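Structure provided below as structure tokens; questions to follow.
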Number of protein chains: 4
Amino acid sequence: MALALSLDPKDPLPLYAQLERGLKAAIATGALAEGDQLPTVRQLAVDLRVNANTVAKVYAELEHQGVVDTRRGIGTFIAGLPMTPMPKRQRTAELTALAERMLAEAVAAGFAPDDLVAQLQRIIPKFQEKSHGRR
Amino acid sequence: MALALSLDPKDPLPLYAQLERGLKAAIATGALAEGDQLPTVRQLAVDLRVNANTVAKVYAELEHQGVVDTRRGIGTFIAGLPMTPMPKRQRTAELTALAERMLAEAVAAGFAPDDLVAQLQRIIPKFQEKSHGRR
Amino acid sequence: MALALSLDPKDPLPLYAQLERGLKAAIATGALAEGDQLPTVRQLAVDLRVNANTVAKVYAELEHQGVVDTRRGIGTFIAGLPMTPMPKRQRTAELTALAERMLAEAVAAGFAPDDLVAQLQRIIPKFQEKSHGRR
Amino acid sequence: MALALSLDPKDPLPLYAQLERGLKAAIATGALAEGDQLPTVRQLAVDLRVNANTVAKVYAELEHQGVVDTRRGIGTFIAGLPMTPMPKRQRTAELTALAERMLAEAVAAGFAPDDLVAQLQRIIPKFQEKSHGRR
DNA sequence: GTGGTCTAGACCACG
DNA sequence: GTGGTCTAGACCACA
């Protein structure tokens, strides 16, 4: 498993946004750590069956956000300090909004809130495994 | 509060998808119950500061899914039991996919999985209140 | 004169950077003022004999910087407060660096520093004319 | 200080163009004078943290322009009088274009034209010092 | 080989 | 009609 990213062309969320989310998650879980080289634009494009421009757009956006560092002719690498420092109050508000949105979405899809929570708790360990076995 | 829906034009998720998600959530929580009349296309468009075509498109899609029932010249109403029954195995797979997607999103935004779960559990009671005091 | 922008394909500076520079200059001089609609992506692409994607990329970048406001299906408009608030010290340092770079470039092209200054002073009035005759 | 050149990989202007501009400026100010030996391709590449091919490309271009003279096995030297003479009318046109481009850039960065001119006049003396104390 | 720029052209979301 | 996303493919800058 190179990165276990998967994109769904049927998802109304655009491909580039799905990819950005996936890459950030991989960084946040430690599956990609500081200094690691990302897959090349073209390789990832092939793996995800997506156009290279789409991948390049995401890499550029992450570079813009300071999450990765691009060295032309060499490759793209996870940058030093990712992830935002932010006032705690705002952070909490953001988390609340996110949780509400997720609850709405799950319920909209016909799942009970408790079932969602249960399922989340079930997969969290597996999700975190990705950061194991790293140097 | 007519529906407490809010749409964000900057969200990469298209407006129509945001609206569809919001309406389904309102139905699932009971904020909108069977037989209730939805706002007219034009009224909702004004409330959400969105083009009427966008609202109409969502209503049509929900009608197609059997979630609402449009009676010409009268209005649009919440239909009987929405959500097609589905083999349990498939339901579970869908729930898993949903949970994974949410976990990825939360983690990508810099939140720990456990914090997300905690926050969900905190807001679930408040979320369910919406369905109280109704017929 | 719609905007008096011109791009030079021979310039080693990429087209999108030339365009970004030109648009920002037009805003800074007041040729484009707050609330004004920019040319449509496709129209500007035709005018400048450039691909629409190139223009769109610049508009997106300016939106990202908060210089313009994009409303889908409607158009792109000059946003409220453009241009950076920045510590004066840093500002001065930046201006110095810019001036040095320009001097180097002029001299590299075989012009005397004084001639450059003289020429700048000659064209400054004409440059500022662009902001006249506006409501 | 071997040459006081600095290249910025994030600048949209390509490295080779930045380097060419810097070398020509050094020649024009007299920091490098006729007959002076340039650093070797490899040495300059190391100093500027750039690939040797990039430096070599610039040297070749300058050689092509007659600005430097490469003697195989010995080194690269500043050639006689660089800069082809040019009809005065064309020179003026070129200077105008240069000045306009610079004005646009400064204004785009949020500086007033007059401030740019003032800053230029302030640094011109210091700039010319570089050519003093030489043979 | 790696990322960046640009093009031509299709299709979608929105008004 | 307006901006956004995506594709296929060319060519450039850099190592």
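Every chain is numbered from 1 and lettered A, B, ... according to where its sequence line falls, protein lines coming before strand lines. Quick caveat, the model's predicted, so the values are computed rather than measured.
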Self-check item: B:L98 side chain near B:M102 side chain, heavy-atom distance below 4.5 Å
Solution: yes
Practice problem: Output yes when at least one side-chain N/O atom of A:T54 is less than 4.0 Å from OP1 or OP2 of F:dT7, else no. | Solution: yes
What's touching nucleotides 9-11 of chain E from the protein side, N or O pairs under 3.5 Å?
residue	atom	partner	partner atom	Å
E:dG9	O6	C:N53	ND2	3.1

Quiz item: Between F:dT5 atom P and C:Y59 atom OH, what is the distance in whole Å?
Solution: 16 Å
Quiz item: Is the closest side-chain heavy-atom distance between A:V41 and A:Y59 below 4.5 Å?
Solution: yes
Quiz item: For C:A25, does its backbone N or O pair with a side-chain atom of C:T29 as donor and acceptor, under 3.5 Å?
Solution: yes
Exercise. Starting from P on E:dT5, measure out to CG on D:D11 and report it in whole angstrom.
Key: 12 Å
Self-check item: Check: D:D8 main-chain N/O paired with D:Q18 side-chain donor or acceptor under 3.5 Å
Solution: yes
Practice problem: For C:L44 and E:dT7, give me the distance from atom CG to atom P, rounded to whole Å. | Solution: 12 Å
Self-check item: NZ/C:K10: more than 12 non-hydrogen atoms of other groups inside 6.0 Å
Solution: no
Exercise. Provide, to the nearest angstrom, the distance between the CD atom belonging to C:Q18 and the C1' atom belonging to E:dT5.
Key: 12 Å
Exercise. May I ask you to decide whether A:E20 forms a salt bridge with A:K57, counting only side-chain N to carboxylate O separations under 4.0 Å?
Key: no
Quiz prompt | Toward the 5' end of DNA chain F, by each residue's nearest nucleotide, A:V50 or D:R49 | solution = A:V50
Self-check item: Distance, rounded to the nearest Å, where B:L48 contributes CG and E:dG15 contributes P
Solution: 11 Å
Quiz item: Does the C:E63 side chain pair with the main chain of C:T70, one donor and one acceptor, at a distance under 3.5 Å?
Solution: yes
Quiz item: Is B:E105 salt-bridged to A:R101, cutoff N-O under 4.0 Å?
Solution: yes
Quiz prompt | Integer-rounded Å distance: E:dG3 C1' and A:E63 CD | solution = 10 Å
Quiz item: D:L13 CG to E:dT5 C1': how many Å, rounded?
Solution: 14 Å
Quiz item: Closer than 4.0 Å, any side-chain N/O of A:T76 to the OP1 or OP2 of E:dG3?
Solution: yes
Exercise. Please determine if a side-chain N or O atom of B:K57 lies less than 4.0 Å away from the OP1 or OP2 oxygen of E:dA13.
Key: yes
Practice problem: For side chain to side chain contact (heavy atoms under 4.5 Å, CB included), just list the numbers for C:V55 and C:Q43, CA-CA rounded to whole Å, side-chain angles, deciding distance to a tenth of an Å, and then say yes or no. | Solution: CA-CA 10 Å; C:V55 177; C:Q43 186 55 52; over 6 Å; no
Practice problem: Looking only at side-chain atoms of A:P14, point me to the closest of F:dT5, F:dA13, F:dG4. | Solution: F:dT5
Quiz prompt | 5' precedence on DNA chain E between B:A52 and C:L15 (nearest-nucleotide basis) | solution = C:L15
Quiz item: Once Watson-Crick and G-U wobble pairs under 3.5 Å are found, how is DNA chain E written in dot-bracket notation, 5' to 3', with | for any base paired to another strand?
Solution: ||||||||||||||.
Quiz prompt | Atom pair distance, as rounded to whole Å: CG in D:L19 and P in F:dA15 | solution = 11 Å
